[in-house]
Undergrad: 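Below is one structure. I have some questions about it.
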Amino acid sequence: MNIHEYQAKEILKDFGAPVSNGFVIFNPQELVKNLNKLKSEKLVVKAQIHAGGRGKAGGVKLVGRPEIFSEVKKMFGKVLVTHQTGPQGKKVKKVYIQEAYDIEKEFYLSCLVDRESSKIAFISSTEGGVDIESVAKNNPEKILTTKIDLKESLTHEDIQKIIKIFSLDINQKKDAENLVNAMFNTLISKDASLIEINPLVITKQKKLICLDAKMNF
Ligand code: ADP
Ligand code: MG
């Protein structure tokens, strides 16, 4: 089973992770009464379907406030075809409205249960926002895997190993520690098999934020 991006982000936020601000709507009429919850001038309209690759398929749109109503209406009518939906595509029935962030860097961070070794593996890469499979194939040196024994909680050293590749400043490190702990604690307490953040970004304002999240059980 997997859940939608907005549900994965809600769980991670409850566990203390820095995630992007937003709200989900189930029809275009719900937009008006929620819009003042978000402060940014630009917004992102994101289709909530059970498949990745939405960006390339037209399921992620950056818009200004005046255009958002027409963009949301269009999004609800779309059938998205991505590399994960099959040729018939998936109809958009839920739309997530997000604050738009000025992105400086896009990273990749995931954790999963490695059944073979009974360990938890964290995978970090500075090449985020793209298919991690193609990074693994073309730039394997840009992927770091950190295996952790099953235990109650992570140590400071575990976390430093996982995030080292990102070369973060002090504030970003604090946020990244909260994120790694949130991912680890979610994986264990919710019995998830995979949690993937792609992209994890550094904004031009130097903030570290999860822009996309995926969770499998
Ligand atoms: P998918 O993985 O299904 O294509 P993402 O949520 O990863 O969907 O979005 C694709 C890309 O759109 C991201 O890599 C990022 O560059 C951009 N993006 C997504 N959300 C935002 C946001 N809130 N602000 C700015 N850019 C975003
Ligand atoms: Mg993504």
Side-chain angles (χ1 to χ4, degrees), residues 2-13 17-25 31 34-35 37-65 67-68 71-72 74-76 78-86 89-112 122-136 139 142-143 166 172 175 179 183 192 194-216:
N2 55 17
I3 57 177
H4 286 293
E5 172 197 2
Y6 77 92
Q7 296 164 318
K9 278 186 186 159
E10 267 166 26
I11 295 172
L12 288 169
K13 190 177 176 188
V19 301
S20 46
N21 293 322
F23 59 85
V24 68
I25 54 175
L31 181 60
N34 289 293
L35 208 47
K37 288 181 188 164
L38 303 182
K39 302 290 169 233
S40 65
E41 214 166 287
K42 296 249 170 185
L43 300 161
V44 177
V45 177
K46 304 182 81 174
Q48 298 296 284
I49 55 167
H50 288 302
R54 296 163 300 164
K56 280 187 198 148
V60 179
K61 292 281 180 188
L62 176 75
V63 291
R65 291 198 174 239
E67 308 98 73
I68 190 161
E71 201 56 61
V72 162
K74 270 193 250 162
M75 195 60 91
F76 270 103
K78 281 186 189 174
V79 174
L80 295 180
V81 180
T82 82
H83 63 289
Q84 291 179 359
T85 59
K90 280 200 186 294
K91 190 162 187 202
V92 180
K93 294 179 184 152
K94 300 180 184 101
V95 171
Y96 198 22
I97 313 297
Q98 291 272 291
E99 281 185 4
Y101 297 85
D102 287 327
I103 300 173
E104 192 164 277
K105 290 178 195 159
E106 294 192 270
F107 300 145
Y108 174 97
L109 179 64
S110 67
C111 69
L112 51 100
F122 273 86
I123 298 167
S124 349
S125 175
T126 50
E127 302 293 296
V130 290
D131 242 359
I132 196 68
E133 287 80 14
S134 63
V135 182
N139 301 91
K142 295 208 164 144
I143 293 183
F166 299 142
Q172 293 160 0
D175 287 337
L179 172 60
M183 290 168 76
L194 166 78
I195 301 173
E196 183 179 71
I197 313 297
N198 189 23
L200 167 66
V201 304
I202 304 290
T203 67
K204 295 235 161 75
Q205 294 71 33
K206 310 294 171 207
K207 290 282 238 184
L208 178 131
I209 304 173
C210 302
L211 288 198
D212 189 14
K214 172 179 168 171
M215 214 177 271
N216 290 352

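Atoms within a ligand are numbered from 1 in the order they appear, just like the ligands themselves.
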Undergrad: Which heavy atom in T82 sits nearest to a heavy atom in G53, and how many Å separate them?
TA: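 Nearest pair, atom of T82 first, then G53: CG2-O, 3.5 Å.
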Undergrad: Specify the protein heavy atom at minimum distance from atom 21 (C) of ligand 1: its residue, its atom name, and the distance to 0.1 Å.
TA: L211 CD1, 3.5 Å
Undergrad: Nearest protein heavy-atom contact for atom 14 (O) of ligand 1: which residue, which atom, what distance?
TA: E106 OE2, 2.8 Å
Undergrad: Quick one: look up the protein heavy atom nearest atom 9 (O) of ligand 1 and list residue, atom name and how far away it is.
TA: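 Answer, as residue, atom name and distance: V60 CG2, 3.8 Å.
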Undergrad: Using the Mg ion (ligand 2) as the apex, give the angle to atoms O (N198) and OD2 (D212), rounded to 10 degrees.
TA: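 My answer is 100°, to the nearest 10°.
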Undergrad: Indicate yes or no: does an N/O atom of Q98 lie under 3.5 Å from an N/O atom of ligand 1?
TA: no
Undergrad: Taking atom 17 (C) of ligand 1 as the reference point, report whether a protein heavy atom occurs under 4.0 Å from it.
TA: no
Undergrad: At a 4.0 Å cut-off, with the gap strictly under it, does some heavy atom of K42 reach an atom of ligand 1?
TA: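 Checking ligand 1 against K42, which is what was asked, there is no heavy-atom contact under 4.0 Å.
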Undergrad: Looking only at non-hydrogen atoms, find the nearest pair between V19 and I209 and report the distance.
TA: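 Scanning both residues completely, I find the closest heavy atoms to be C-CG2, 3.7 Å.
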Undergrad: Salt bridge or not for E127 and K142, using N-O below 4.0 Å?
TA: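 Yes, charged N to carboxylate O under 4.0 Å.
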Undergrad: Using every non-hydrogen atom in the two residues, find where Y96 and Q48 come nearest and quote the distance to one decimal.
TA: CB-NE2, 3.4 Å
Undergrad: Of the non-hydrogen atoms in A47 and R54, which two are nearest, and what is the gap between them?
TA: O-NH1, 2.9 Å
Undergrad: Whether E71 and K74 form a salt bridge (side-chain N of Lys/Arg under 4.0 Å from carboxylate O of Asp/Glu) is what I want to check.
TA: yes
Undergrad: Within 4.0 Å of atom 11 (C) of ligand 1 (strictly less), any protein heavy atom?
TA: no
Undergrad: Measure the distance from atom 6 (O) of ligand 1 to every protein heavy atom, then report the residue, atom name and distance (to 0.1 Å) of the closest one.
TA: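 Of the protein heavy atoms, K46 NZ, 2.5 Å lies nearest.
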Undergrad: Considering distance alone, does some N or O of K56 sit under 3.5 Å from an N or O of ligand 1?
TA: no
Undergrad: Write out the residue and atom name of the closest protein heavy atom to atom 5 (P) of ligand 1, then the distance separating them to 0.1 Å.
TA: D212 OD2, 3.5 Å
Undergrad: Checking a contact table here: which protein heavy atom is nearest atom 4 (O) of ligand 1, and how many Å away?
TA: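 For this ligand atom, the closest protein heavy atom is G55 N, 2.9 Å.
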Undergrad: Can you find an N or O of E5 that's nearer than 3.5 Å to an N or O of ligand 1?
TA: no
Undergrad: For the 3.5 Å polar cut-off, considering only N or O atoms, please tell me whether V44 and ligand 1 meet it.
TA: no
Undergrad: Identify, for atom 1 (P) of ligand 1, the protein heavy atom at the shortest distance, and state residue, atom and that distance.
TA: R54 N, 3.6 Å
Undergrad: Can you give me the closest heavy-atom contact between K61 and K78, atom names plus distance?
TA: CE-NZ, 3.8 Å
Undergrad: What do you reckon, does S20 put a non-hydrogen atom under 4.0 Å from ligand 1?
TA: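 Contact check S20 vs ligand 1: negative.
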Undergrad: Can you check whether L62 reaches K42 side chain to side chain, under 4.5 Å on heavy atoms?
TA: yes
Undergrad: With a cut-off of 4.0 Å, which atoms of ligand 1 are near a heavy atom of A100?
TA: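 Contacts of ligand 1 toward A100, numbered from 1: 24 (N).
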Undergrad: How close do I3 and H50 get, counting heavy atoms only, and between which atoms?
TA: C-CE1, 3.6 Å
Undergrad: Give the atoms of ligand 1, by number and element, whose distance to some non-hydrogen atom of P199 is under 4.0 Å.
TA: 7 (O), 13 (C), 14 (O)
Undergrad: Does ligand 1 have an atom under 4.0 Å from some heavy atom of E99?
TA: yes
Undergrad: Kindly confirm or rule out an N or O of I103 lying under 3.5 angstrom from an N or O of ligand 1.
TA: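 No - when backbone and side-chain N and O of I103 are compared with those of ligand 1, no distance drops under 3.5 Å.
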Undergrad: Can you check whether I97 reaches K37 side chain to side chain, under 4.5 Å on heavy atoms?
TA: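 SC-SC contact between I97 and K37 ruled out.
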Undergrad: Tell me which protein heavy atom sits closest to atom 24 (N) of ligand 1, plus the residue, atom name and distance to 0.1 Å.
TA: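 Its nearest protein heavy-atom neighbour is Y101 N, 3.1 Å.
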Undergrad: Taking the side chain as C-beta and beyond, is there a heavy-atom pair between S110 and N198 under 4.5 Å?
TA: no
Undergrad: Quick one: which ligand 1 atoms are inside 4.0 Å of a heavy atom on N198?
TA: 7 (O)
Undergrad: Of E99, E5, K9, K46, which meets side chain to side chain donor-acceptor pair (under 3.5 Å) against S20?
TA: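 Of all the options given, the one that passes is K9.
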Undergrad: More than 12 foreign heavy atoms under 6.0 Å from CD of Q205: is that the case here?
TA: yes
